[in-house]
Amino acid sequence: MAIIGIPAGWPADEGAALDVQRRLRGRLVLGEDGPPAGEGRVTGLDVAYDDERDLVAAAAVVLDARTLEVVEEATAVGRVSFPYVPGLLAFREIPTVLAALDGLAADPGLLVCDGYGIAHPRGFGLASHLGVLTGRPAIGVAKKPFTATGAEPGPRRGDSAPLLADGEEVGRALRTRTGVKPVYVSAGHRVSLATALAHTLALTPRYRVPETTRRADSLCRRALAEALAAG
DNA sequence: GCGACAG
DNA sequence: ATCTTGTCGC
């Protein structure tokens with residue numbers, strides 16, 4: 001499989017990335033409810049890195065939202081396109097993730113990203129960025145808190161507490177399993193927070209992290225290992 | 001100015 | 001993200 005190069009004109013430094021982020025932010029759509037949970041399709045996206053060889057492997061796994069069975073999978077391997085800078089994660093992952101999405105024949109439905117949507121320092125995290133570039137509904141489900149503030153949610157599955165930025169609710173800390181650490185859910189593009197929360201609960205019948213993310217995580221690790229073995 | 005900070 | 005030792009539980 002060919003290695004995805006860094007796209008022409010891709011931001012080369014933080015200043016350029018911030019400019020792109022600010023421009024794309026103007027195309028964000030937040031007024032839609034988005035696709036209802038439990039029907040249609042949901043697609044999990046994740047990446048794995050090999051810093052030594054400057055490689056990133058991405059996976060896109062399409063699930064039937066009702067049964068959570070795999071409909072289709074695709075992977076891509078690319079060159080790392082940006083250093084890790086908190087708040088600019090999208091610039092590191094997006095070229096290879098888009099290549100994986102391009103490899104799908106099925107309609108991906110809702111995009112479920114490993115990271116934040118609008119609960120981001122400038123309101124435009126990975127899920128929002130990917131949503132705008134693809135035009136598709138997208139949500140972010142992160143495993144760790146970022147810059148938004150919030151209280152601890154209650155102890156039971158389904159309990160949640162607002163994530164606040166400048167007094168506005170930009171997401172929720174959501175307990176997906178009773179007695180287990182919460183995940184951090186935010187709308188990305190063309191979805192409401194309520195829809196994002198409903199999807200996250202529908203995708204976590206058994207584990208803390210959504211089934212989409214778990215499937216994509218294991219697939220991109222496999223893809224990276226195969227790329228390294230192939231040379 | 002300093003610390004904190006998705007993956 | 002990635003690395004890494006040991007431990008607990010189904």
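We name chains A, B, ... by the order of the sequence lines, and we start the count at 1 in each one. The figures here come from the full heavy-atom set of this structure, side chains too, leaving out hydrogens, waters and symmetry mates.
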Report all interatomic pairs (protein N or O, nucleotide N or O of nucleotides 5-10 of chain C) with separations under 3.5 Å.
none

Donor-acceptor pairs under 3.5 Å, side chain of residues 170-187 of chain A to any protein atom, not counting sequence neighbours: which ones?
residue	atom	partner	partner atom	Å
A/Arg172	NE	A/Glu169	OE2	2.4
A/Arg172	NH1	A/Ser160	OG	2.8
A/Arg175	NE	A/Gly154	O	2.8
A/Arg175	NH1	A/Val180	O	2.9
A/Arg175	NH2	A/Glu152	OE2	3.3
A/Arg175	NH2	A/Pro153	O	2.8
A/Arg175	NH2	A/Gly154	O	3.2
A/Thr176	OG1	A/Arg208	O	2.7
A/Arg177	NE	A/Arg206	O	3.4
A/Arg177	NH1	A/Thr204	O	3.3
A/Arg177	NH1	A/Pro205	O	2.9
A/Thr178	OG1	A/Arg157	N	3.0
A/Ser186	OG	A/Gly117	N	2.8

Enumerate all atom pairs, one protein N or O and one N or O from nucleotides 2-4 of chain C, separated by less than 3.5 Å.
residue	atom	partner	partner atom	Å
C/dT2	OP1	A/Tyr49	N	3.3

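- Secondary structure note: stems in DNA chain C built from 3 or more consecutive Watson-Crick or G-U wobble pairs under 3.5 Å do not occur.
- Base contact: A/Gly87 has a heavy atom under 4.0 Å from a base atom.
- Nucleic acid contact for A/Leu45: none, since no nucleic acid atom lies under 4.0 Å from a heavy atom of the residue.
- Near DNA chain B, meaning a heavy atom under 4.0 Å away, the residues from residues 141-179 of chain A are A/Ala142, A/Lys143, A/Lys144, A/Pro145, A/Phe146, A/Thr147.
- Taking 4.5 Å as the limit, some side-chain heavy atom of A/Thr43 sits within range of a side-chain heavy atom of A/Leu45.
- Nowhere does DNA chain B pair in an unbroken run of 3 or more (Watson-Crick or G-U, both distances under 3.5 Å).
- Looking at A/Leu110 and A/His199, their side chains come closer than 4.5 Å, going by heavy atoms from C-beta outward.
- Dense packing is recorded around CZ of A/Arg122, with more than 12 heavy atoms of other residues, nucleotides or ligands lying under 6.0 Å away.
- A/Tyr49 and A/Glu93 share a side-chain donor-acceptor pair at under 3.5 Å.
- For the side chain to side chain donor-acceptor pair (under 3.5 Å) with A/Asp217, the lone residue among A/Arg215, A/Arg221, A/Arg214 that qualifies is A/Arg221.
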query = Given the rule in the salt bridge (Lys or Arg N to Asp or Glu O under 4.0 Å) test, do A/Lys143 and A/Asp46 qualify, once you have shown the distances and angles that lead to the verdict?
reply = CA-CA 13 Å; A/Lys143 298 181 290 297; A/Asp46 196 16; 5.9 Å; no

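- Aromatic ring orientation, A/Phe91 versus A/His129: perpendicular (interplanar angle above 60°, classes split at 30° and 60°).
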